[in-house]
There are 2 protein chains.
Amino acid sequence: MYTIKELADLAGVTTRTLRYYDQQGILPPAEIGLNGYRFYDHSSLLRLQQVLFFRELDVPLKEIRIILDRPDFQLVPTLQSHQEAIQEKARRYQELLGTIQKTISSLQGEENMTEKDYFAGFDETQYEEETRELWGRTSQYQESQRKWTSYSQDQKDEIKKEGERITARMVSETPDTRPDDPDVQRAVGDYYAYLNQYFYTCEVEFLRSLADMWVQDSRFKVNFERIREDGAAFVRDAVHLYCDSHRENS
Amino acid sequence: MYTIKELADLAGVTTRTLRYYDQQGILPPAEIGLNGYRFYDHSSLLRLQQVLFFRELDVPLKEIRIILDRPDFQLVPTLQSHQEAIQEKARRYQELLGTIQKTISSLQGEENMTEKDYFAGFDETQYEEETRELWGRTSQYQESQRKWTSYSQDQKDEIKKEGERITARMVSETPDTRPDDPDVQRAVGDYYAYLNQYFYTCEVEFLRSLADMWVQDSRFKVNFERIREDGAAFVRDAVHLYCDSHRENS
DNA sequence: TCTACACCTTAACGTTACGTCAATGTCAAG
DNA sequence: CTTGACATTGACGTAACGTTAAGGTGTAGA
């Protein structure tokens, strides 16, 4: 058992950070004393280590919570994925070191650089660590990655657009349509087909859990709320209806 | 000449970022058109590159501005210092990779870890990149580093405390004392001696520029404002008076 | 010439992950 | 029995932008 300060000192963070993590549900204490004191144990320590790894990899705390709370979360595979992600970060640093060398040479008139060269290594998005970390290493994610990376950029853009079109139909701009509206239900069906075609072969139950996630995760949520009030909840209801009626009899 | 979007795309940042940097005086455009449009040139590009390097090294924008605006700022030495700092960051990643390996082994019962070992590599302050970058590579900084690192931790703590005691005297808690108060002036003299003993041999003019910095840089400023209202300005005035009366005749 | 449409502007509020008080309660040591 | 180091819950502050709103500008094509 550790007090809050003991754990904080061990991990090199402040007590305020640990209280914040508690408040956000990321790292609840193992026990709370009658005096209200927080007490942590060894599993807290391991969880905090995970939090710090994800934080190091620029994963927002909200996502960290979701990842760590997933029922299929596994420690060792996650640690291995951290390993890859950190190695990727290190490679980015190598590129930055190259940029420094080139810039020095070019300032001394020894080398020519294009404008782009001055900024090689700065853009983190090129190293696409986010998606990889977000989904973890489930087999579903792996399949999606395999399919997805086989497309060209133009194809990817087109697939995304199609997804947006179907999504718009699912949310249905007109405010008086209900989740059981035939057009909406047809759109849900199209989305299910779309998923299977471009991402992962999945059962309708997976679609159901996806829709649940859209409601919980505000990053997805906003996409629906933009189109209609409580759009995410609307879509969730529509998807649930769809899944209910397509359960065994498919 | 680049438009704002052209430069943003080159550097992999958003136009909002460039506008923000303009607003903060970190990267003013080379030219502003009659229509209010911002235009950037090659020197802007080099300056932006510097900003991004410092940002990469977690230097706050306020400090970046101060560093880049220093009259003795030099591009090539700064690039070299970036190189060292980035290598240090890479070393930290190596330690994190070690922590991952150890954690995996210990989870499989192959290795024993102390609690501390679980967090090896997370604490950036151990790598003290900040001070190094803040002061740049002036000779004064180097001397201060040489002196400072030769002390033990206990000595360092004691020296810091003494500095705080003298500082308190310089600011003078009692609200009706003036900057030319004899006690205050004596405290300034003591601080000058303190500086020379523990940090760098310097002339009074250096003390003057230090005091000016205390007013500008809010990180130092708060230390004085805590003690008395407008404490930083008060100390600056006191120091200026002291320096004026100790100019040539020392 | 008109009209898209992609670009530009300022203004202002929102966000994340804490830092930093303030006011108050708790506990082990001398 | 009183320090002093620890703990608690608010609550406001901060950095570095993201985002949206409301509008002005420039040019390519019908």
Side-chain angles (χ1 to χ4, degrees), chain A residues 1-29 31-40 48 51-66 122-125 130 217-219 221-223 225-227, chain B residues 1-29 31-40 48 51-52 54-66 122-125 130 217-223 225-227:
Chain A
M1 283 296 186
Y2 313 97
T3 68
I4 194 167
K5 185 153 196 298
E6 283 166 1
L7 183 58
D9 287 346
L10 273 173
V13 301
T14 67
T15 58
R16 161 73 218 205
T17 300
L18 291 185
R19 282 196 201 94
Y20 183 70
Y21 288 173
D22 179 13
Q23 186 190 324
Q24 302 297 313
I26 297 166
L27 185 72
E31 201 184 317
I32 295 186
L34 297 171
N35 46 18
Y37 283 24
R38 293 172 177 81
F39 293 101
Y40 299 88
L48 176 56
V51 174
L52 295 184
F53 270 122
F54 280 113
R55 188 182 72 167
E56 185 71 42
L57 298 168
D58 305 309
V59 178
L61 293 184
K62 272 189 192 177
E63 282 178 36
I64 298 182
R65 196 176 78 101
I66 294 172
F122 280 122
D123 191 5
E124 292 208 34
T125 61
E130 32 163 7
D217 191 326
S218 58
R219 287 175 317 142
K221 201 171 174 178
V222 290
N223 292 326
E225 315 280 295
R226 229 196 295 270
I227 302 176
Chain B
M1 282 295 185
Y2 313 97
T3 68
I4 193 167
K5 182 151 198 302
E6 284 166 0
L7 183 59
D9 287 346
L10 272 174
V13 300
T14 67
T15 57
R16 163 76 226 220
T17 300
L18 292 185
R19 282 196 202 95
Y20 182 70
Y21 289 173
D22 178 13
Q23 187 191 325
Q24 301 298 313
I26 296 165
L27 186 72
E31 202 183 316
I32 295 185
L34 297 170
N35 46 17
Y37 283 25
R38 293 172 178 82
F39 293 102
Y40 299 88
L48 177 56
V51 174
L52 295 184
F54 280 113
R55 188 182 71 166
E56 184 71 42
L57 299 168
D58 305 309
V59 178
L61 293 183
K62 273 189 191 176
E63 282 178 36
I64 298 181
R65 197 177 76 103
I66 294 173
F122 280 123
D123 192 5
E124 291 208 35
T125 62
E130 32 162 7
D217 191 327
S218 58
R219 286 174 318 141
F220 300 110
K221 201 170 173 180
V222 290
N223 292 326
E225 316 280 295
R226 229 196 295 271
I227 303 177

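As a basis for the values below, the full set of heavy atoms in this structure was taken, side chains included, without hydrogen atoms, waters or symmetry mates. By convention in this document, chain letters (A, B, ...) are assigned in the order of the sequence lines, proteins followed by strands, and residues within each chain are numbered from 1.
- OP1 or OP2 of dC18(C) sits under 4.0 Å from a side-chain N or O of Arg55(A).
- Look at CZ on Arg65(A): it is 18 Å from C1' on dC18(C), rounded to the nearest Å.
- The minimum heavy-atom distance linking Arg55(B) with Ile64(B) is given by the pair N-CD1, 3.8 Å.
- Here the shortest heavy-atom pairing between Thr15(A) and Ala8(A) reads N-CB, 4.0 Å.
- Side chain of Glu6(A) to backbone of Thr3(A): a donor-acceptor contact under 3.5 angstrom is found.
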Footprint string (nucleotides 2-7 of chain D, 5' to 3'): B base within contact, S backbone only, - free, heavy atoms under 4.0 Å:
----SS
Where do Leu27(A) and Asp22(A) land on the side-chain contact (heavy atoms from CB on, under 4.5 Å) test, with the steps shown first?
CA-CA 5 Å; Leu27(A) 185 72; Asp22(A) 179 13; over 6 Å; no
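- Across all non-hydrogen atoms, the minimal contact from Val51(A) to Leu61(A) is CG1-CD2, 4.5 Å.
- What separates CG of Leu7(B) from C1' of dC8(C) is a distance of 15 Å, to the nearest Å.
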Show the numbers, then the answer: is there a side-chain contact (heavy atoms from CB on, under 4.5 Å) between Tyr40(A) and Ile4(A)?
CA-CA 7 Å; Tyr40(A) 299 88; Ile4(A) 194 167; 4.1 Å; yes
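- dT9(D) atom C1' lies 16 Å from atom CG of Leu18(A), rounded to whole Å.
- One atom, CD of Glu56(B), and another, C1' of dA16(D), lie 15 Å apart when rounded to the nearest Å.
- At whole-Å resolution of the value, OH in Tyr20(B) and P in dT10(C) are 15 Å apart.
- Computed from coordinates, the Leu52(B) CG to dC17(D) C1' distance equals 13 Å when rounded to whole Å.
- One finds a side-chain N or O of Tyr21(A) lying less than 4.0 angstrom from the OP1 or OP2 phosphate oxygen of dC18(C).
- The nucleotide whose nearest atom lies closest to any side-chain atom of Arg16(B) is, among dA17(C), dG26(D), dG18(D), dG18(D).
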Start with the C-alpha distance between Leu52(A) and Val13(A), add both sets of side-chain angles, then the distance that settles side-chain contact (heavy atoms from CB on, under 4.5 Å), and finish with yes or no.
CA-CA 10 Å; Leu52(A) 295 184; Val13(A) 301; 4.1 Å; yes
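- Of the candidate nucleotides dC17(D), dC18(C), dG19(C), dC18(C) has the atom lying nearest to any side-chain atom of Leu61(A).
- The distance between atom CG of Asp58(A) and atom C1' of dA16(D), rounded to the nearest whole Å, is 14 Å.
- In this entry the distance linking CZ of Phe54(A) with P of dT16(C) reads 19 Å, nearest Å.
- Using a 4.0 Å cut-off, some side-chain N or O of Asn35(B) falls inside it from OP1 or OP2 of dG26(D).
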